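Not measured: the values here are computed from a predicted model. Below, each value reflects all heavy atoms present in this structure, side chains not excepted, and no hydrogens, waters or symmetry copies.
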Amino acid sequence: MTRGIATSGLNWDDLRVFLAIARGGSLTAAARRVGQDATTVARRLQRLEAALGATLFEQGLAGHVATEAGQALLAHAEIMESGAQAIAESLDAEGGLGGSIRVSVSEGFGTFFVAPRLGGFAAAHPSVAIDLIAATGFLNPSRREADVAIMLARPRGGPVIAAKLTDYRLGAYASLRAIEAEGPIADVAMLGRRRLIGYVPDLIYAPELRYLAEVDERLAPSLRSSSIAAQARLIASGAGCGILPCFIGDATPNLVRVLRREVAIERSFWLVVHRDRRHVARIARFIAWLRGEVAAAKPLLLGA
């Protein structure tokens, strides 16, 4: 069964549910993906397992994990999915531009850069539905959890195409209120004596976000949040100082960049797409649009 799963005659909707469970890791996550309740998802999975005569998932602490039979079916189901998508795109009234795009991006870049500009793309392509997943962590294009991901590091493997989208810089920021109340910050030692705002250390989801030590290994935040948007709000309120991407700090009213020479951290965004999806017209159009927006905003991204 694990080497020769027959998919002919199977219900495609059941296979869609199977793919959603494999990618989401749980019945609840799968239910959200396919727009059904968890009970219906469980029933479809049971029907599929009965049709195949195989157990497709084992449930453990990590959620639903595909068995050997499930892994074998996954390869077949993804091929069927790609074929179904290709047919839908070839029949689309906009020559393949209709349909949906799921974009996974870090909270900061998604909220402060992509979201304010995304309306332009939506207006130009009204038949394209866009899911902007701007959150801590990333969906995985290699597992088809997203069509496009903008990541903090280049993936090390998988069936994906990755290319650098842009470099960007981060700087130290304080509010005008804090500067007026406590005086200017002349050096890193003075920065260390202010209340620092940053990430919750054990909730940092990517090593690229551990940048305080690059300024001075003695620096540590005492007011912490897993959200970069919350950190920006805290700094703007005068609650303390912190490190922000320049595309956030320079665009936020009442924030002042301090120690411009001493604190100049550089990072990169990588654009990642599954290799089977890179030629889909709407995805290619979105990527071209995003690259254009990034090129036009180079000074903002680089804190120039």
Participant: Show the nearest heavy-atom pair for residues Cys246 and Arg257, with the distance to one decimal.
Facilitator: SG-NH1, 3.5 Å
Participant: How about Val41 and Thr28: do any of their side-chain heavy atoms sit closer than 4.5 Å?
Facilitator: no
Participant: Give a yes or no on this: more than 12 heavy atoms of other residues, nucleotides or ligands lie within 6.0 Å of atom CZ of Arg233.
Facilitator: no
Participant: Taking C-beta and beyond as the side chain, do Arg44 and Asp13 meet within less than 4.5 Å on heavy atoms?
Facilitator: yes
Participant: Can you list the steps and then say if Tyr205 with Ser226 is a side-chain contact (heavy atoms from CB on, under 4.5 Å)?
Facilitator: CA-CA 9 Å; Tyr205 62 91; Ser226 61; over 6 Å; no
Participant: Taking all non-hydrogen atoms of both residues, which atom of Gln71 and which atom of Ala66 are closest, and how far apart?
Facilitator: NE2-CB, 3.8 Å
Participant: Between the main-chain N or O of Asp187 and the side-chain N or O of Glu262, is there a donor-acceptor pair closer than 3.5 Å?
Facilitator: no
Participant: Quick one: does Thr252's side chain have a donor or acceptor within less than 3.5 Å of a partner on Leu255's backbone?
Facilitator: no
Participant: Please confirm whether the backbone N or O of Ala239 pairs with a side-chain atom of Arg195, one donor and one acceptor, at under 3.5 Å?
Facilitator: yes
Participant: In Å and rounded to the nearest 0.5 Å, what is the CD1 to CD1 distance from Ile248 to Ile243?
Facilitator: 12.5 Å
Participant: CG of Asp202 to CZ of Arg224: how many Å apart, nearest 0.5 Å?
Facilitator: 8.0 Å
Participant: Keeping Glu49 on the side-chain end and Leu56 on the backbone end, is there a donor-acceptor pair under 3.5 Å?
Facilitator: yes
Participant: By ring pair (Phe, Tyr, Trp, His ring centres under 6.0 Å), which residues pair with Phe247, not counting sequence neighbours?
Facilitator: Phe109, Tyr168
Participant: Under 4.0 Å between a side-chain nitrogen and a carboxylate oxygen: does that hold for Arg102 and Asp147?
Facilitator: no
Participant: Is there a path of hydrophobic side-chain contacts, each under 4.5 Å between heavy atoms, that joins Leu165 and Leu302?
Facilitator: no
Participant: Between Arg193 and Glu182 (salt bridge meaning N to carboxylate O under 4.0 Å), is one present in this structure?
Facilitator: no
Participant: Can you check whether Val114's main-chain N or O pairs, donor with acceptor, with Glu293's side chain at less than 3.5 Å?
Facilitator: no
Participant: Given 3.5 Å as the limit, does a donor-acceptor pair link the side chain of Arg154 with the main chain of Lys164, or not?
Facilitator: no
Participant: Establish, yes or no, whether the cationic atom of Arg117 lies under 6.0 Å from the six-membered ring centre of Phe113 and within 45° of the ring axis.
Facilitator: yes
Participant: For Glu208 versus Arg267, what's the shortest heavy-atom pair and its separation?
Facilitator: O-NE, 2.7 Å
Participant: Counting distance only, does the side-chain N/O of Thr67 pair as donor-acceptor with the main-chain N or O of Thr55 below 3.5 Å?
Facilitator: yes
Participant: Below 30° counts as parallel, above 60° as perpendicular, anything between as tilted: where do the rings of Trp289 and Phe121 land?
Facilitator: tilted
